[in-house]
Amino acid sequence: VSKLESKSTLQLVNWREPKKSAAAFGVSLLVLVSVATLSVISVVSYLLLAVLCITITFRVYKSVIQAVQKSDQGHPFRSLLDRDISVSPESIRLLVDRSLVLLNRFTDQMRKLLLVEDMFDSLKLAGVMWMMTYVGAIFNGVSILILADIVFFSTPLIYQKKKVRQNETNINSVFKRTSAFFLSASSPKACTHTHIY
């Protein structure tokens with residue numbers, strides 16, 4: 001399950017399916033910007049209201065179409081209502097086990113750093129925390145999350161475009177060198193005649 005989830009996340013970030021990636025990027029950015037300007041309760045309420053407006057409108061539209069066409073297609077969201085979305089105990093156990101490993105590793109590392117087991121590592125932490133006070137004075141946590149979201153979704157896309165351009169440039173340069181080599185080799189000036197006297 002985790003491999004499938006990580007694969008789908010990578011496909012989402014790498015824009016393998018542009019519609020899904022654009023939707024995920026837009027929704028995540030909208031939620032983060034909303035949380036930056038409104039309270040979390042307001043954001044959740046507005047999101048649920050927007051979803052309800054869309055689903056109720058779609059349901060009424062489908063009901064009117066079915067009444068006009070006198071067809072009996074049933075509930076428009078039947079496939080989604082019949083889908084099993086329950087969380088299995090195995091997946092919860094797996095998630096808790098992984099979270100526990102990460103939490104234990106984090107608490108152990110923080111204990112070593114805060115109780116100065118290694119002076120150099122503790123001084124590095126102090127330097128990073130001192131710099132973070134300046135970052136915190138400029139940005140709040142939600143602003144950093146917004147920037148991280150933009151970087152998270154845009155970096156793979158920019159990298160792929162640059163990579164394609166670089167490959168095209170490399171192919172063109174190789175083609176030019178090859179054609180120049182063959183043209184110079186086939187020109188009469190390049191041919192040397194040896195005479196035996």
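The structure displayed is predicted, hence computed values, not measured ones.
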To check you understand the geometry: which heavy-atom pair defines the closest contact between [X] and [Y], and what is its length?
X: Ile150; Y: Phe25; answer: CA-CE1, 3.9 Å
X: Leu32; Y: Ile146; answer: CB-CG1, 3.5 Å
X: Ser91; Y: Ser88; answer: OG-O, 2.8 Å
X: Pro76; Y: Lys62; answer: CB-CG, 3.8 Å

With a 4.5 Å cut-off on side-chain heavy-atom distances among I, L, V, M, F, W and Y, is there a chain of contacts connecting [X] to [Y]?
X: Leu102; Y: Leu100; value: no
X: Leu114; Y: Phe106; value: yes
X: Val151; Y: Val35; value: no

Set of residues satisfying ring-ring contact (aromatic ring centres under 6.0 Å, His included) with respect to Phe58, sequence neighbours excluded: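 With sequence neighbours excluded, Phe58 shows a ring-ring contact (aromatic ring centres under 6.0 Å, His included) to Phe77, given in chain and number order.
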
For [X], check side chain to side chain donor-acceptor pair (under 3.5 Å) against everything at least two apart and list the hits.
X: Ser86; value: Asp84
X: Thr107; value: none
X: Ser28; value: Asp149
X: Gln73; value: none

When rounded to the nearest 0.5 angstrom, what is the spacing between [atom1] in [X] and [atom2] in [Y]?
X: Leu49; Y: Ile54; atom1: CG; atom2: CD1; answer: 11.0 Å
X: Leu47; Y: Leu30; atom1: CG; atom2: CG; answer: 7.0 Å
X: Ile65; Y: Gln69; atom1: CD1; atom2: CD; answer: 6.0 Å
X: Leu95; Y: Glu90; atom1: CG; atom2: CD; answer: 13.0 Å
X: Glu17; Y: Lys19; atom1: CD; atom2: NZ; answer: 10.5 Å
X: Ser99; Y: Leu103; atom1: OG; atom2: CG; answer: 8.5 Å

Determine whether a donor-acceptor pair (N or O, by modelled atom type, separation under 3.5 Å) exists between the side chain of [X] and the backbone of [Y].
X: Thr55; Y: Val51; value: yes
X: Thr37; Y: Val33; value: yes
X: Trp15; Y: Phe153; value: yes

Salt-bridge present (Asp108, Arg111; N to O < 4.0 Å):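 Judged by the 4.0 Å cut-off on N to carboxylate O distance, Asp108 and Arg111 do form a salt bridge.
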
In a table with atom names and distances, give each donor-acceptor pair under 3.5 Å that connects a side chain of residues 117-132 to protein atoms at least two apart or in another chain.
residue: Asp118; atom: OD1; partner: Phe120; partner atom: N; Å: 3.4
residue: Ser122; atom: OG; partner: Leu113; partner atom: O; Å: 2.6
residue: Ser122; atom: OG; partner: Asp118; partner atom: O; Å: 3.2

Ile41 atom CD1: more than 12 heavy-atom contacts under 6.0 Å: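 Not buried by this count: 12 neighbours or fewer within 6.0 Å.
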
Pair Ser42-Ser39, side chain to side chain donor-acceptor pair (under 3.5 Å): steps then yes or no: CA-CA 5 Å; Ser42 299; Ser39 69; 3.0 Å; yes

Steps toward salt bridge (charged side-chain N to carboxylate O under 4.0 Å, His left out) verdict (Asp97, Arg93): CA-CA 6 Å; Asp97 289 343; Arg93 261 188 242 110; over 6 Å; no

